[in-house]
Amino acid sequence: MVLRLYNTLSRRVEPFEPLAPPRVTLYTCGPTVWSYAHVGNFRTFLFSDLLRRYLEYRGYDVFTVMNLTDVDDRIIKAAGEAGTSVREFTDRFAEAFFEDRDYLRIKPADLYPRATAHIEHMIALVEQLLDRGLAYRGEDGSVYFSVGAFNGYGRLSRLDTRELKPGARVSSDEYSKEDARDFALWKTASTLDETVGAAWDAPFGRGRPGWHLECSAMALAEIRGRFGIETLDIHAGGVDLVFPHHENEIAQSEGATGRPFVRCWMHGEFLLIGGTKMSKRFGNTLTVRDLREEGVDPASFRMLVFSTHYRQQLNLTDEALEAATEGAQRLAELRERLGRAAAGASPDGVPREVEQLERAFAEAMNDDLSAPNALAAVFTFVRVANRRLDEGAWSAGEAAAVIETFDRIMEVLEVVPRAEVEDDLTAWVAERIKARQRARKAGDYAAADAIRDEVAACGIDLKDTPEGTRWTKRAG
RNA sequence: GGCGCCGUAGCCAAGUGGUAAGGCAGAGGUCUGCAAAACCUCUAUUCGGCAGUUCGAAUCUGCCCGGCGCCUCCA
């Protein structure tokens, strides 16, 4: 079965063919580390994580890069106000980003290049563009990309088929550009830039990089150095980056190398809250920290995100999050049951229900990463598996085989809650369960129920099964 | 003004020409000391509205209504 992905460049779902299989180069536009990334930002990163994990499930050797933008207008302004350097200012948010990433169980990328660590590559790229006549120095000393000189500008965002809103950006521009469409590659250093340490020497003048430059420079530098190529297999990001960011990346990169920059462009849709886009500007953001404080399990959030296709807007609501939590919990229950049924046996005989699961899962994911359908396949399997377990239809070896597949699929979605339990809690619960059993045997159900309430207050749920009392810690 | 996406049960959400997946919630049942979990059964003759194309449309076309996004260094 072929993996098919939607390519923004063609506006079509097309077969995915990496340049040099089994290697896949995946570059995702990461956060601007000027504040805590909100869960809307993380929806995109989760989408990228899903893509990466599924590619790996398919056997590809995925090389992943995510940039950290640590120098831009917002950062400089904020650092100036805080009276710190850009470096100092961004460090803590970069750190926070990694914490949040880990909390949401996003697999770390191979590289997280920071813009300020690649100034030399950016300078080289600008020089190349100047040499090729695709860039020029403006009256203010800044260097601009000459859109008119680059053939094919607007292919990604279909600029040729649209008109700019009258007066939207032409007159309001603060720089000296020859053409309104031109964009800054290198901005002359201002006093503030110098103050916060956001200025570097370059042959074409002291200054700092324009926003789009970093992705082109870093992506090219990393894959050129490692694989000797100048074309990425996949470049991902949020839909808002299609224009101008990615359009400009193409112009810079292809202008400099003369080679296709990216084979497949993928864009994730927005996370909405209260029906509108989550954005710092609207003051309606929610961070991963907020989620943590509210006791939202990472598996719940992942489940919520993957329950909607990545190219569809997703409205974040308490009800939806609750539904996702319940669903995720169901997966955890099944996984635990399977573990008990397998009882440490080695895989022996693959039940056909498992083959069905794997087929349905792959079919869904192959269709442009249809996680909602993949989850439907998983839940259908959950019902069937529980029935088989009720019937005692699977041997320990078969259960072990089921686990093997189930876990491999969950490795892609990573939506099974994991409740970490401390040893002393375990000992305490074990003691309480014994006390409750004594009460139950004595027929003192009031006392037994009191103990159940007691542990429930500590987040522990007790379940009486034919094999004895089991307990689980509620997620979150 | 230009470009684009979306509107499916109480909620979330698949389905893009062949007669409505899946999850959550809800109702009843099995099991249980009671629960929990799990399983079984039920829950949209109907897919924003109106026309049209077709043997057949949630799916294609047109118009209308409603929501969202991009055109601003916003994931």
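Here the structure is a predicted model, which means the values were calculated and not measured.
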Who passes side-chain hydrogen bond (donor to acceptor under 3.5 Å, both in side chains) against A/Thr69, sequence neighbours left out?
-> A/Asn67, A/Glu214
Checking only heavy atoms, does the side chain of A/Arg281 share a donor-acceptor pair with the base of B/G69 at less than 3.5 Å?
-> no
Looking across every strand, which nucleic acid part, if any, lies under 4.0 Å from A/Asp240 by heavy atom: base, sugar-phosphate, or nothing?
-> base
Just checking A/Gly40: base, sugar-phosphate only, or nothing, at a heavy-atom cut-off of under 4.0 Å?
-> base
Base, sugar-phosphate alone, or nothing: which one does A/Glu322 contact when heavy atoms must sit under 4.0 Å apart?
-> nothing
Look at all strands and tell whether A/Asp464 reaches a base, only sugar-phosphate, or nothing, counting heavy atoms closer than 4.0 Å.
-> base
Closer than 4.0 Å, any side-chain N/O of A/Arg330 to the OP1 or OP2 of B/C39?
-> yes
Just call it for A/Leu271: base, sugar-phosphate, or nothing, with non-hydrogen atoms closer than 4.0 Å on any strand.
-> base
Face-to-face stacking of A/Phe379 with B/G22, centres under 5.5 angstrom, angle under 30° | no
Mind checking the C1' distance from B/U46 to B/A9? Whole angstroms is fine.
-> 10 Å
Reckon A/Met278 touches a base, only the sugar-phosphate, or nothing at all at heavy-atom distances under 4.0 Å?
-> base
When all nucleic acid strands are considered with a 4.0 Å heavy-atom cut-off, which category describes A/Gln312: base, sugar-phosphate, or nothing?
-> sugar-phosphate
Using a 4.0 Å heavy-atom cut-off across all strands, classify A/Leu462 as base, sugar-phosphate, or nothing.
-> base
Looking at B/C12, does its base get a donor-acceptor pair with the side chain of A/Asn315 below 3.5 Å?
-> no
Nearest 0.5 Å, what's the CG-CG distance between A/Leu51 and A/Leu46?
-> 12.0 Å
Contact residues, residues 447-460 of chain A to RNA chain B [heavy atom, < 4.0 Å] | A/Asp449, A/Arg452
Check whether any side-chain N or O of A/Lys280 sits under 4.0 Å from OP1 or OP2 of B/A75, and answer yes or no.
-> no
From the options B/C24, B/C12, B/G22, select the nucleotide whose nearest atom is closest to the side chain of A/Ala376.
-> B/G22
Short side-chain N/O contact from A/Arg74 to OP1 or OP2 of B/C74, under 4.0 Å | yes
When the P atoms of B/U8 and B/C60 are considered, how many whole Å apart are they?
-> 16 Å
Is the gap between the ring centers of A/Phe97 and A/Phe45 under 6.0 Å?
-> yes
Using a 4.0 Å heavy-atom cut-off across all strands, classify A/Thr276 as base, sugar-phosphate, or nothing.
-> sugar-phosphate
Of all the nucleotides listed (B/G33, B/C12, B/C70), which has the minimum atom distance to the side chain of A/Ala320?
-> B/C12
Looking at A/Thr308, does any N or O in its side chain come under 4.0 Å of the phosphate oxygens OP1/OP2 on B/A13?
-> yes
When we call it a touch if two heavy atoms are under 4.0 Å apart, what does A/His245 touch: a base, just sugar-phosphate, or nothing?
-> nothing
Please state the P separation for the pair B/C24 and B/A20 - nearest whole angstrom.
-> 23 Å
Does the pair A/Lys463/A/Glu333 count as a salt bridge with the N-to-O cut at 4.0 Å?
-> yes
Compile the donor-acceptor pairs under 3.5 Å between side chains in residues 244-251 of chain A and protein atoms, sequence neighbours left out, one pair per line.
unit_1	atom_1	unit_2	atom_2	d
A/His245	ND1	A/His212	ND1	2.9
A/His245	NE2	A/Glu249	OE2	2.8
A/His246	ND1	A/His267	NE2	2.7
A/His246	NE2	A/His235	NE2	3.4
A/Glu247	OE1	A/Leu156	N	3.2
A/Glu247	OE1	A/Ser157	N	2.7
A/Glu247	OE1	A/Ser157	OG	2.6
A/Glu247	OE2	A/Gly154	N	2.8
A/Glu247	OE2	A/Arg155	N	3.3
A/Asn248	OD1	A/Tyr153	OH	2.4
A/Asn248	ND2	A/His212	NE2	3.0
A/Asn248	ND2	A/Pro244	O	3.4

Of the candidate nucleotides B/C68, B/G23, B/A38, which contains the atom at the shortest distance from the side chain of A/Leu272?
-> B/C68
How is A/Arg101 classified with respect to the nucleic acid when contacts are heavy atoms under 4.0 Å: base, sugar-phosphate, or nothing?
-> nothing
Enter the distance from A/Asp72:CG to A/Trp211:CH2 here, rounded to the nearest 0.5 Å.
-> 9.0 Å
